[in-house]
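All values reported here derive from a predicted model rather than from experimental measurement. The basis for the numbers below is simple: all heavy atoms, side chains too, and nothing from hydrogens, waters or symmetry mates.
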Amino acid sequence: AQTVTQSQPEMSVQEAETVTLSCTYDTSENNYYLFWYKQPPSRQMILVIRQEAYKQQNATENRFSVNFQKAAKSFSLKISDSQLGDTAMYFCAFMKDQAGTALIFGKGTTLSVSS
Amino acid sequence: DVKVTQSSRYLVKRTGEKVFLECVQDMDHENMFWYRQDPGLGLRLIYFSYDVKMKEKGDIPEGYSVSREKKERFSLILESASTNQTSMYLCASSSPLGGGSPLHFGNGTRLTVT
């Protein structure tokens with residue numbers, strides 16, 4: 001069975017700073033997908049970034065980038081130039097490379113950005 | 001944009017009541033999911049469905065059932081609500097086109113069972 005571990009329950013950062021959220025996972029699959037979702041106080045789950053395990057290049061989306069280390073089974077999220085609107089809970093998630101499968105989530109990291 | 005709509009944002013029910021949580025998506029997605037979110041536990045999969053009338057148990061199906069009579073609608077049923085089912089419930093949908101299709105979520109239903 002696959003598991004996803006987020007070891008930082010809470011983090012805080014000042015505006016304009018850079019913060020890295022950690023995620024490790026366990027799987028015996030060779031092909032899979034990894035995701036970061038953001039859940040602001042509105043409760044809407046928003047996809048932040050998606051990584052395909054067979055691609056060595058780290059995914060980026062504007063101020064968000066990942067450090068994907070397949071051998072170490074690590075998938076951290078870096079947020080650059082943090083903004084107040086980045087305040088949210090962030091979930092790391094794993095998906096097998098199979099049509100119609102569900103996401104397996106970590107327990108989440110609550111990020112607070114202050115001015 | 002995909003829209004996933006959950007019928008209630010907040011719901012208060014009594015112990016022993018039969019509770020229906022409704023979810024509708026407008027993107028003709030084959031796959032639909034019900035998750036439960038609790039503080040410190042993240043999101044846990046209750047049930048999912050990959051086609052009309054098809055359903056699969058997730059990690060915590062006990063005390064729940066589901067119904068998928070139409071492609072766009074996926075209902076979560078609490079046959080006899082209990083206080084330990086007080087939680088946030090999130091519905092999601094995805095396209096089956098290959099692996100790695102992101103899930104699109106509704107806004108959640110916060111259920112309180114008293």
Report summary line: Interface check, chain B: of R43(A), M45(A), M89(A), most non-hydrogen pairs under 4.5 Å belong to R43(A)

Report summary line: Looking only at M88(B), E56(B), E30(B), most heavy-atom pairs under 4.5 Å shared with chain A are made by M88(B)

**Report entry** Side chain, backbone, both or neither of Q37(B) within contact of chain A (heavy atoms, under 4.5 Å)
**Finding:** side chain

Query - Choice from F48(B), F33(B), Y50(B) maximising heavy atom contacts with chain A below 4.5 Å - result: F33(B)

Report task. Pick one of side chain, backbone, both or neither for L103(A), based on which atoms fall under 4.5 Å of a heavy atom in chain B. Result -> both

Query raised in the report: With only heavy atoms counted, which part of R50(A) is less than 4.5 Å from chain B, the side chain, the backbone, both or neither?
Result: side chain

Requested in this report: Give, as side chain, backbone, both or neither, the part of L45(B) having an atom under 4.5 angstrom from any heavy atom of chain A.
Outcome: side chain

Query raised in the report: Hey, what's the ring geometry for W36(A) with F75(A), parallel, tilted or perpendicular (30° and 60° as the breaks)?
Result: parallel

**Report entry** Residues S82(A) and E15(A): side-chain donor-acceptor under 3.5 angstrom
**Finding:** no

Query - Contact origin within Q6(A) toward chain B - heavy atom pairs under 4.5 Å - result: neither

Query raised in the report: Can you find a pair of side-chain heavy atoms, one from H29(B) and one from V4(B), that are under 4.5 Å apart?
Result: no

Requested in this report: Would you please classify the geometry between the F105(B) ring and the Y37(A) ring as parallel, tilted or perpendicular, with 30° and 60° separating the classes?
Outcome: perpendicular

Report task. Would you check if there is a donor-acceptor pair between the side chains of E10(A) and T110(A) at a distance under 3.5 Å? Result -> no

Query raised in the report: In terms of heavy-atom proximity below 4.5 Å to chain A, should R44(B) be classed as side chain, backbone, both, or neither?
Result: neither

Report summary line: Ranked by heavy-atom pairs below 4.5 Å to chain B, first place among Q39(A), K96(A), Q44(A), M95(A) goes to Q44(A)

Query raised in the report: Say you draw a straight line from CD of E52(A) to OH of Y33(A); how long is it, rounded to the nearest 0.5 Å?
Result: 5.0 Å

Report task. Using the six-membered ring wherever Trp is involved, compare the ring planes of W34(B) and F74(B) and label them parallel, tilted or perpendicular (cut-offs 30° and 60°). Result -> tilted

